[in-house]
Amino acid sequence: MRLVQIGTGNGARRVALVEEPRLKVLQKYETIYQLAQAAIKREAKMGDVIGEFAQTLEYDPIYEGKSEWKLLPCFDHPEPTRFFVTGTGLTHKASAANRQAMHESTGPISDSMKMFQIGLEGGKPEKGCIGASPEWFYKGTGRNVAACNEPLGVPGHAEDGGEEAEIGGIYLIGNDGQVHRVGMTQTNEFSDHVFEAKNYLYLASSKLRSCAIGPELVIDPNFTGEINGETRVLRDGKIIWRAPQASGEKYMCHTIANLEHHHFKHACHRHPGDAHLHFFGADNFSFKDRLQLRDGDVMEIQFESFGRALRNSLKVEPRENSPVAIHAMG
């Protein structure tokens with residue numbers, strides 16, 4: 001089952017079930033957050049609380065931006081600062097080689113390769129056991145999350161912006177602190193690779209950027225096997241870079257259960273009513289080929305069984321040449 005969130009310029013919004021080539025609009029719920037809360041309250045599956053449909057819409061005009069309805073992020077929170085955006089790196093078997101190429105080590109083995117080796121050796125524990133801890137990073141809150149067709153900005157203080165095609169998990173915390181996985185979606189994690197490449201310790205700061213999710217939220221995906229896809233970068237309507245993508249546990253050195261445990265083992269990540277978007281890691285990205293995206297370039301990401309492609313353009317913001325003014329209160 002795949003769901004989208006759509007809205008109009010006057011503030012109306014709805015949840016719709018994807019049944020290609022149409023969207024069946026739910027009568028009762030305006031947000032997937034509301035739908036998920038209802039399912040938690042009834043201790044039911046999401047599909048069991050959908051209810052009746054109000055109308056049917058053609059998907060193509062909405063997806064192409066030619067309708068009064070537009071795609072919203074496939075999940076959001078009524079209080080955006082309670083929607084936490086995080087991720088784990090070096091989870092995919094190709095990611096370590098990409099990271100190693102970005103940080104040429106003077107020693108026999110880089111810290112990135114050491115972390116990757118830790119995952120290979122202990123990232124897939126037996127069921128019910130705790131495995132090795134992965135690399136973890138923070139990307140911001142729901143204010144940083146863009147929808148399909150919205151631009152991803154390169155801030156004036158940044159040095160670059162580049163796509164990272166990933167699968168991300170959406171989670172909602174129940175009133176009792178129980179973690180509920182609402183679903184998964186294809187994402188553009190988006191990072192400043194030029195800044196990160198200067199020094200590994202810049203990784204944390206390079207991740208504090210906008211990102212994009214959707215357009216569709218998959219409620220019951222199979223992540224234990226393999227999920228194949230493709231990323232394309234277009235400039236002036238022509239493809240200038242493309243590469244296959246491979247996700248799912250078959251291509252990873254961690255299980256999804258292990259990644260989830262090490263994020264939600266922290267009590268501050270289990271506050272009732274909060275929501276989380278957690279990125280599971282990238283397999284392939286254009287910066288490994290030293291492609292530097294330009295203003296107006298379009299990034300397209302599509303994984304099999306995750307619906308229509310996630311598309312976002314790149315917007316380079318004016319350069320910041322003066323420091324942020326701080327006003328002392330004393």
Side-chain angles (χ1 to χ4, degrees), residues 1-9 12-26 29-36 46 50 53 55-77 80 83 85 142-153 163-171 181-190 210-221 223 227-234 245 247 275 277-280 282 297-315:
M1 186 171 71
R2 308 198 308 271
L3 300 173
V4 299
Q5 295 193 127
I6 54 176
T8 65
R13 57 180 297 167
R14 288 291 184 270
V15 177
L17 175 68
V18 179
E19 288 194 355
E20 288 284 6
R22 297 175 180 86
L23 300 177
K24 297 178 67 174
V25 180
L26 276 60
Y29 302 101
E30 295 184 349
T31 69
I32 293 178
Y33 179 87
Q34 294 173 347
L35 175 63
M46 294 271 285
I50 280 180
F53 299 101
Q55 63 184 126
T56 300
L57 301 173
E58 294 296 323
Y59 196 174
D60 284 348
I62 298 172
Y63 182 72
E64 297 296 338
K66 299 176 181 178
S67 167
E68 65 171 333
W69 293 97
K70 72 171 186 176
L71 288 166
L72 303 174
C74 64
F75 187 91
D76 56 3
H77 194 289
F83 187 20
V85 185
R143 296 182 185 276
N144 291 11
V145 180
C148 181
N149 297 327
E150 291 184 334
L152 291 177
E163 94 297 330
E164 288 197 25
E166 305 185 24
I167 301 297
I170 302 291
Y171 302 86
R181 188 196 308 129
V182 181
M184 296 184 187
T185 182
Q186 52 195 356
T187 71
N188 186 344
E189 194 247 295
F190 200 65
S210 57
C211 60
I213 63 174
E216 303 174 22
L217 180 65
V218 185
I219 303 304
D220 50 359
F223 197 79
I227 301 173
N228 295 301
E230 183 180 68
T231 300
R232 300 173 290 274
V233 177
L234 292 82
Q245 299 291 341
S247 192
L277 161 61
H278 193 73
F279 294 97
F280 299 141
D297 287 352
V298 175
M299 301 159 282
E300 291 187 347
I301 293 167
Q302 188 166 26
F303 285 94
E304 295 174 2
S305 302
F306 276 75
R308 299 199 182 192
L310 172 61
R311 303 187 305 196
N312 301 92
S313 61
L314 188 80
K315 182 179 181 181

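Sequence positions, counted from 1, serve as the residue numbers for this chain.
- Without hydrogens or angle criteria, D220 side chain to M1 main chain gives a donor-acceptor distance under 3.5 Å.
- At distances below 3.5 Å, not a single donor-acceptor pair connects side-chain atoms of Q5 with backbone N or O atoms of R13.
- Atoms OG1 and CG, from T185 and L3 in turn, are 11.0 Å apart once rounded to the nearest 0.5 Å.
- T8 contributes atom OG1, which lies 9.0 Å from atom CG of L72 (distance to the nearest 0.5 angstrom).
- Taking the side chain as every heavy atom from C-beta outward, F280 and M184 approach each other to under 4.5 Å.
- Evaluated for a side chain to side chain contact (heavy atoms under 4.5 Å, CB included) with R2, the options L217, L17, V218 yield exactly one hit, V218.
- A heavy-atom distance below 4.5 Å is not found between the side chains of V182 and Y33.
- Closest of all the heavy-atom pairs between T56 and K24 is OG1-CG, 4.3 Å.
- In this view, R22 and E58 satisfy the side-chain hydrogen bond (donor to acceptor under 3.5 Å, both in side chains) rule, not counting sequence neighbours.
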Is there a side chain to side chain contact (heavy atoms under 4.5 Å, CB included) between F190 and L314? Walk through the geometry before answering. CA-CA 10 Å; F190 200 65; L314 188 80; 3.3 Å; yes

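- Judged by distance alone, with hydrogens and angles left aside, the side-chain atoms of Q34 form a donor-acceptor pair with the main-chain N or O of E30 at under 3.5 Å.
- Shown here for N312 and A212, the closest heavy-atom pair between the two residues is OD1-CB, 3.3 Å.
- No side-chain heavy atom of E300 sits less than 4.5 Å from a side-chain heavy atom of E230.
- To the nearest 0.5 Å, atom NE2 of residue H77 and atom CD1 of residue I170 are 12.0 Å apart.
- Between P215 and C74 the shortest heavy-atom distance is O-CB, 3.5 Å.
- Residues Q186 and G307 approach most closely at NE2-O, 3.9 Å, considering heavy atoms.
- Using a 4.5 Å heavy-atom cutoff, the side chains of Y59 and V18 are in contact.
- Annotation for P151 and K315: closest pair CB-CB, 4.1 Å, computed over non-hydrogen atoms.
- Residue pairs meeting the salt bridge (charged side-chain N to carboxylate O under 4.0 Å, His left out) criterion with at least one partner in residues 62-75, sequence neighbours excluded, are E64-R311.
- Side-chain atoms of Y63 come within 3.5 Å of backbone atoms of A309 as a donor-acceptor pair (strictly under, hydrogens ignored).
- In terms of heavy atoms, I6 sits closest to L71 at CG2-CD2, 4.2 Å.
- With sequence neighbours left out, Q55 forms a side-chain hydrogen bond (donor to acceptor under 3.5 Å, both in side chains) with no residue at all.
- Here the straight-line distance linking atom CH2 of W69 with atom CD1 of I62 works out to 8.0 Å at 0.5 Å rounding.
- Atom OG1 of T231 and atom CG of N188 lie 8.0 Å apart (nearest 0.5 Å).
- Inter-residue side-chain proximity for R308 and D60 is flagged as met; some heavy-atom pair is nearer than 4.5 Å.
- To the nearest 0.5 Å, the span separating OG on S247 from CZ on F303 amounts to 5.5 Å.
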